[in-house]
There are 4 protein chains.
Amino acid sequence: MSTSIQQSSDASIVSQICDTYKLTIAEFNTLRERSSAAKATAYCPYSQFRVGATLLAGDGSYIDGANVENASYPVGTCAERVAFGKAVTEGKKGFRAVAVATDISPPASPCGMCRQFIREFCDLSTPIIMFDKDQAFVVLRLEQVCTLLVPVYLPSTDSYTWLAHEAYNARSHHESRLSG
Amino acid sequence: MSTSIQQSSDASIVSQICDTYKLTIAEFNTLRERSSAAKATAYCPYSQFRVGATLLAGDGSYIDGANVENASYPVGTCAERVAFGKAVTEGKKGFRAVAVATDISPPASPCGMCRQFIREFCDLSTPIIMFDKDQAFVVLRLEQVCTLLVPVYLPSTDSYTWLAHEAYNARSHHESRLSG
Amino acid sequence: MSTSIQQSSDASIVSQICDTYKLTIAEFNTLRERSSAAKATAYCPYSQFRVGATLLAGDGSYIDGANVENASYPVGTCAERVAFGKAVTEGKKGFRAVAVATDISPPASPCGMCRQFIREFCDLSTPIIMFDKDQAFVVLRLEQVCTLLVPVYLPSTDSYTWLAHEAYNARSHHESRLSG
Amino acid sequence: MSTSIQQSSDASIVSQICDTYKLTIAEFNTLRERSSAAKATAYCPYSQFRVGATLLAGDGSYIDGANVENASYPVGTCAERVAFGKAVTEGKKGFRAVAVATDISPPASPCGMCRQFIREFCDLSTPIIMFDKDQAFVVLRLEQVCTLLVPVYLPSTDSYTWLAHEAYNARSHHESRLSG
């Protein structure tokens, strides 16, 4: 299992990944494009952290979602749950892949709450494709996404900033983020 | 402010309600039919309590949702939040009405978490139309829906049953459910 | 029902409030002091918005809580739910009052999710005492706390700031915050 | 990594486990007894599924919690989050172990939402000790608890029952529950 970041522009890698996860290259590209585009539909005035998600259902259709936050933080809904809520109530099933896109690098993985939500409707072998700000990606099966969203609070700094967030993520990548 | 249950078949009442809340009769009927139909799309194996929700957006479109539950109860999403998640990420705004349909009577009101979610996107004057199992209804403005989903646990019974739930709701209607 | 802000230093007002809500002045003062002190126990690196909560149980004991946030915003827990989670699992019941303290003015009310949580364990007549940054306060019964936490996103500004938050709250106070 | 169920009565196994996870036998036993006892403090009229949780903090103290459910399922709080909410606001840190006890076998693991909550305050190497109905147990590090709470909905049955739940869990144990 590799957790290194792959380039979407590397046709050889993409082809190999698609083979492993039983996706066509067209499907992979659609997941990449739609999840990245879905970021623009996020309502995230509180975190200013946009997340887009796209599901590939068993009937070949795609369902998009993005995070919808709330003034009371715990009331908000993550991108993955918005997409699955829409998909499930529209009768979709047999999900073949879940794509998640954010504006950071390395890419963010679904939070634990979302993975619990996804598990209700997906086999543990379902691929979770995580795209970073440049559409480079990491792909893991649901059962492999052991890591949890890391805390971004830095006790040594006075204020929390996205710069710090990115620095923290970059620093912690090999330690904990995707290698879990 | 009346919290008594109105009959959808009473044209005079419906007409008067529509006038008060600035809805056409066709819009009211569509909200009633769609929210009731949306119940069939619920994924609620844990509570077996189906909820359908339909929003009327400012552009005249309707957006449906239903509850999507999870083996870990707190991870599930209510019907109203599924519908708003879908609507907001699809760019809808200026919501003119929220309809919620359940299989009990008197009709259930949105829970506190959902009303917090709704508040993020709706004026306090937005009508919340609650349909019961027979499509009879109660309508209140968001600011008037003070009541919260009542606990259905009955300490005096050994086991919790939906019969008890309905009996409790019937009993508590005038005391607390919609008269808040 | 008055929603104007009262001064904790005004003995006459406090006495009258205590009479209305069946609290002793000592109980009121303890709720004020403990909920304000509880703010210091918050874990809120993401919002930097501290909330303290204190419950007065039927046996005369006090239970404190504060918000505990998470890198994944929806996973965090508000102050009121931390306090009630602690209280309920410690066997407390018959809650006579709920105090909530924040660093803004006018004081914040419990969010909809928390009011739903509170409703499970409290009568609708239970007083919710909301203290502002200077321990001035507003008190309402659970059934009267119709207002929901207002969204703090200001579409007309490029960036979200707490200054804006406070300005928004101040501006919207008479319109929607506590007059609901 | 073994996910087989261990007997708490097997002194040799317990000793070996304690050595691996840097716990004393007294600490292990206290975690077992307290988490099992904490089940009795659950408020779970909706699921009737009791969960107890006990944390061992860096200062040697223990903090208990249990699930506190709500009529609106998503509003409830799991045992682990109740315990951590209490612990964090009481200034506890440096958590050395998390114990979770339920009434089923094999033992249940924390749901994804709780693992996300735990991650905020614990290293990935923190042991999660899961006790079953007879206090037999499975222990894994936070980073190893890849599995998510499995859906208990059985499409082939007309009604959901706890008997079915237990049968399902028993059946799926080696496939997915703890071997993830």
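C:Glu90 has a carboxylate O that lies under 4.0 Å from a charged side-chain N of D:Lys86, or vice versa, which qualifies the two as a salt bridge.
Between D:Phe131 and D:Phe137, the ring planes are tilted. Angles from 30° to 60° get that label. Ring orientation note: the planes of D:Tyr46 and D:Tyr73 are tilted relative to one another, at an angle of 30° to 60°.
D:Glu69 touches chain C through its backbone: at least one of N, CA, C or O sits under 4.5 Å from a heavy atom, while the side chain does not.
Among all heavy-atom pairs drawn from D:Gly76 and C:Phe117, the shortest one is CA-CE1, 4.2 Å.
Between chain C and the options D:Gly91, D:Ala66, D:Cys114, the largest number of non-hydrogen pairs under 4.5 Å is found for D:Ala66. If you tally non-hydrogen atom pairs under 4.5 Å between each of C:Val82, C:Asn67, C:Asp64, C:Val75 and chain D, the highest count goes to C:Val75.
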